[in-house]
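What follows is a single structure, written as structure tokens, with notes after it.
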Amino acid sequence: MKTKDHITNKLREAFAPESLDVTDESHLHEGHAGHRPGGETHFRVYIVSPAFEGKSRIERHRMINTALAAELADTVHALAIKAQAPGEAG
């Protein structure tokens, strides 16, 4: 299973999102720190979930980082996050 699939599955399980998009952007970072042959090192996450209601941006990022702790400690070098509660998405 690809890293993108692991990330997607963990976020779905942890946050039951209304919307979720996980994009592997590793190809954009070739030659930069953390890039490895084969990619799967740099990801962008866009997620909308009721779990984020009343939470600050930092709290939301911490929640996601906690859910993906294993990936961040191993294969994922960078994770860009846009986390919103329903009604905030525009």
Side-chain angles (χ1 to χ4, degrees):
M1 183 179 291
K2 292 187 167 261
T3 302
K4 176 182 175 179
D5 297 327
H6 284 287
I7 292 170
T8 300
N9 291 340
K10 283 190 170 187
L11 293 177
R12 280 188 181 142
E13 186 176 309
F15 302 110
E18 291 182 1
S19 177
L20 175 63
D21 182 48
V22 178
T23 305
D24 183 349
E25 295 185 339
S26 301
H27 65 284
L28 301 173
H29 300 274
E30 289 182 31
H32 298 163
H35 185 271
R36 290 186 301 276
E40 296 195 313
T41 56
H42 295 71
F43 291 87
R44 181 170 301 277
V45 171
Y46 173 72
I47 182 170
V48 177
S49 171
F52 302 131
E53 288 184 19
K55 303 281 194 269
S56 71
R57 188 174 127 219
I58 291 172
E59 289 171 313
R60 295 170 186 192
H61 284 223
R62 285 180 180 154
M63 291 167 69
I64 291 169
N65 287 340
T66 297
L68 301 177
E71 289 74 16
L72 291 168
D74 186 25
T75 58
V76 176
H77 174 74
L79 183 66
I81 301 169
K82 182 165 186 179
Q84 297 177 309
E88 294 177 348

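Bear in mind the structure is a predicted one, so any value in this text is a computation, not a measurement. We count residues from 1, following the sequence as given.
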How many angstroms lie between [atom1] in [X] and [atom2] in [Y], if you round to the nearest 0.5 Å?
X: Arg12; Y: Ile47; atom1: CZ; atom2: CD1; value: 10.0 Å
X: Lys82; Y: Arg44; atom1: NZ; atom2: CZ; value: 10.0 Å
X: Ile81; Y: Arg57; atom1: CD1; atom2: CZ; value: 9.5 Å
X: Glu71; Y: Leu79; atom1: CD; atom2: CG; value: 10.0 Å
X: Thr3; Y: Leu68; atom1: OG1; atom2: CG; value: 11.0 Å
X: Ile58; Y: Asn65; atom1: CD1; atom2: CG; value: 11.5 Å

For the backbone of Lys55 and the side chain of Arg60, can you confirm whether one donor and one acceptor N or O come within less than 3.5 Å of each other? yes
When you measure from the side chain of Ser26 to the backbone N and O of Thr41, does any donor-acceptor pair fall under 3.5 Å?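 Indeed, once roles are kept as given, a pair shorter than 3.5 Å links the two residues.
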Can you list everything that forms a side chain to side chain contact (heavy atoms under 4.5 Å, CB included) with Thr66? Sequence neighbours excluded, please. none
Identify, with sequence neighbours excluded, every residue that meets side chain to side chain contact (heavy atoms under 4.5 Å, CB included) alongside Ala51.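 Applying side chain to side chain contact (heavy atoms under 4.5 Å, CB included) to Ala51 gives Phe15, Ser49, Met63.
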Do Val48 and Pro86 have side-chain heavy atoms sitting under 4.5 Å apart? yes
So do the side chains of Thr75 and Phe43 get within less than 4.5 Å of each other, counting heavy atoms only? no
Lys10 atom NZ: more than 12 heavy-atom contacts under 6.0 Å: yes
What one should report as the nearest heavy-atom pair of Glu53 and Ala85 is CG-CB, 3.5 Å
Salt bridge (charged side-chain N to carboxylate O under 4.0 Å, His left out) partners of Arg62, counting only residues at least two apart: none
